[in-house]
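Take a look at the structure set out below.
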Amino acid sequence: MGAEKKKTEIRREQIAGAALHVIASRGVSGLTVERVARMVGLVPSALYRHFRNKSELIDAILDLLRDRVLANITAAHQEARDPLAAIRQMLLRHVSLIHEYQALPRLLFSEKVMGDEPEKKLKLYRIISEFLGHVADTIRQGQAMGLIRRDIAADSLAVMFLGLFQPSAMMFHLSGGAFDMVAQVDATWKVFRDALRPPPEET
């Protein structure tokens with residue numbers, strides 16, 4: 001039973017990834033069960049056993065996004081020597097995620113997510129809030145260790161962290177990949193890192 005469930009989870013993740021590729025080439029309006037089925041080598045009837053319609057495909061994409069974001073947070077902490085380095089790793093991994101799934105900005109700001117189906121807007125809000133919560137927890141660890149300034153609330157700094165990559169991701173999307181998101185994020189990280197340093201009275 002466990003092996004079969006794992007197999008189903010892997011298949012659903014493959015389908016969600018294929019759906020993102022369809023969105024990248026055809027837009028959200030071009031996302032259909034039939035197109036995704038062809039991309040993963042299934043007949044539409046087989047894919048319908050996993051997803052009944054476009055709405056369920058988009059839900060699967062949001063689930064995939066949440067899983068990847070949380071996995072990136074775990075990996076960042078495993079790779080980093082301290083909380084500040086973990087925040088840096090989260091940033092780099094998030095940029096890599098945007099590169100891997102270039103359709104994400106196109107989907108997340110689409111009417112399908114932002115307007116047509118309010119429950120998807122709420123789902124995205126919860127994903128981002130969960131992500132911010134983990135970032136804030138990491139910042140609080142850094143504050144406790146004296147690595148990050150304590151005169152600004154961790155929750156506020158976590159929201160500022162979003163600004164390191166969201167505008168760049170949008171420019172990357174609008175330019176069709178021509179905008180150098182990696183260089184821009186690297187530059188903004190240096191500014192943010194310096195802003196995080198404790199003021200002299202804290203050291």
Side-chain angles (χ1 to χ4, degrees), residues 9 13 16-17 20 24 61-109 113-114 121-203:
E9 289 175 355
E13 183 174 320
L20 274 169
I61 292 172
L62 293 176
D63 290 339
L64 173 62
L65 172 62
R66 179 183 181 274
D67 291 345
R68 290 296 302 274
V69 166
L70 294 182
N72 282 346
I73 290 170
T74 299
H77 280 284
Q78 291 173 343
E79 295 168 358
R81 64 184 182 279
D82 57 50
L84 192 58
I87 295 169
R88 166 73 167 163
Q89 284 299 318
M90 288 180 202
L91 179 63
L92 294 177
R93 285 180 164 274
H94 207 78
V95 170
S96 295
L97 180 64
I98 295 169
H99 265 289
E100 182 180 358
Y101 296 127
Q102 295 185 22
L104 276 175
R106 194 171 187 173
L107 170 67
L108 299 182
F109 293 98
V113 172
M114 288 300 183
K121 186 176 181 179
L122 178 60
K123 189 171 187 174
L124 177 59
Y125 171 77
R126 287 172 174 165
I127 292 170
I128 295 173
S129 295
E130 187 174 8
F131 172 66
L132 285 176
H134 285 288
V135 175
D137 286 344
T138 306
I139 289 172
R140 277 187 277 271
Q141 292 170 16
Q143 290 172 328
M145 295 171 65
L147 299 173
I148 297 174
R149 63 190 307 155
R150 294 188 293 271
D151 60 333
I152 301 177
D155 291 335
S156 296
L157 291 173
V159 174
M160 291 173 63
F161 176 79
L162 281 183
L164 299 185
F165 58 84
Q166 279 194 333
S168 296
M170 184 57 66
M171 291 297 291
F172 177 74
H173 167 64
L174 292 174
S175 67
F179 182 80
D180 193 339
M181 178 172 57
V182 174
Q184 183 59 42
V185 167
D186 187 58
T188 54
W189 163 254
K190 292 173 183 175
V191 175
F192 186 67
R193 178 198 60 200
D194 291 344
L196 289 179
R197 288 175 176 159
E201 58 268 22
E202 283 190 15
T203 57

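All residue numbers refer to positions in the sequence shown, counting from 1.
When all heavy atoms of A86 and A80 are compared, the closest pair comes out as N-CB, 3.2 Å. Contact between L20 and L104 at its shortest, heavy atoms only, is CD2-CD2, 4.1 Å. Taking both residues in full, the closest heavy atoms of L64 and G17 are given as CD2-N, 4.0 Å, listed atom of the first, atom of the second, then distance. Shortest non-hydrogen contact noted between P83 and L147 is CD-CD1, 3.9 Å. For F192 against L157, the heavy-atom pair with the smallest separation is CZ-O, 3.6 Å. Taking both residues in full, the closest heavy atoms of Q102 and H173 are given as O-ND1, 4.4 Å, listed atom of the first, atom of the second, then distance.
Checking side-chain atoms of T188 against main-chain N and O of V185 turns up a donor-acceptor pair under 3.5 Å. Using modelled atom types, one side-chain atom of R149 and one backbone atom of A195 make a donor-acceptor pair closer than 3.5 Å. Without hydrogens or angle criteria, Q143 side chain to I152 main chain gives a donor-acceptor distance under 3.5 Å.
The side-chain heavy atoms of D63 and K123, taken from C-beta on, include a pair separated by under 4.5 Å. In this structure, F172 and Q184 have side chains that are not in contact, with every pair of non-hydrogen atoms separated by 4.5 Å or more. Taking 4.5 Å as the limit, some side-chain heavy atom of V95 sits within range of a side-chain heavy atom of H99. Taking 4.5 Å as the limit, every side-chain heavy atom of L174 sits out of range of all side-chain heavy atoms of F179. Side-chain contact between L84 and M145: absent, with no pair of heavy atoms (C-beta onward) separated by less than 4.5 Å. You'll find the side chain of D155 reaches within 4.5 Å of the side chain of R140, heavy atoms only.
Within a 6.0 Å radius of CZ in R197, other residues, nucleotides and ligands contribute more than 12 heavy atoms.
The CG atom of D82 sits 13.0 Å away from the CZ atom of R88 when rounded to the nearest 0.5 Å. With rounding to the nearest 0.5 angstrom, the NE2 atom of H134 is 13.0 Å from the CD1 atom of I139. Atoms CG and CD1, on L132 and I127 in that order, are 12.0 Å from each other to the nearest 0.5 Å. Between I87 atom CD1 and L92 atom CG the span is 12.0 Å, to the nearest 0.5 Å.
For the side chain to side chain contact (heavy atoms under 4.5 Å, CB included) with N72, the lone residue among M90, Q89, R93 that qualifies is R93. Of the candidates L164, L162, V69, V69 is the only one forming a side chain to side chain contact (heavy atoms under 4.5 Å, CB included) with H94.
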Verdict with reasoning, F161 to F131, per side-chain contact (heavy atoms from CB on, under 4.5 Å) = CA-CA 11 Å; F161 176 79; F131 172 66; 3.6 Å; yes

Worked check of side-chain contact (heavy atoms from CB on, under 4.5 Å) between D186 and K190 | CA-CA 7 Å; D186 187 58; K190 292 173 183 175; 3.5 Å; yes

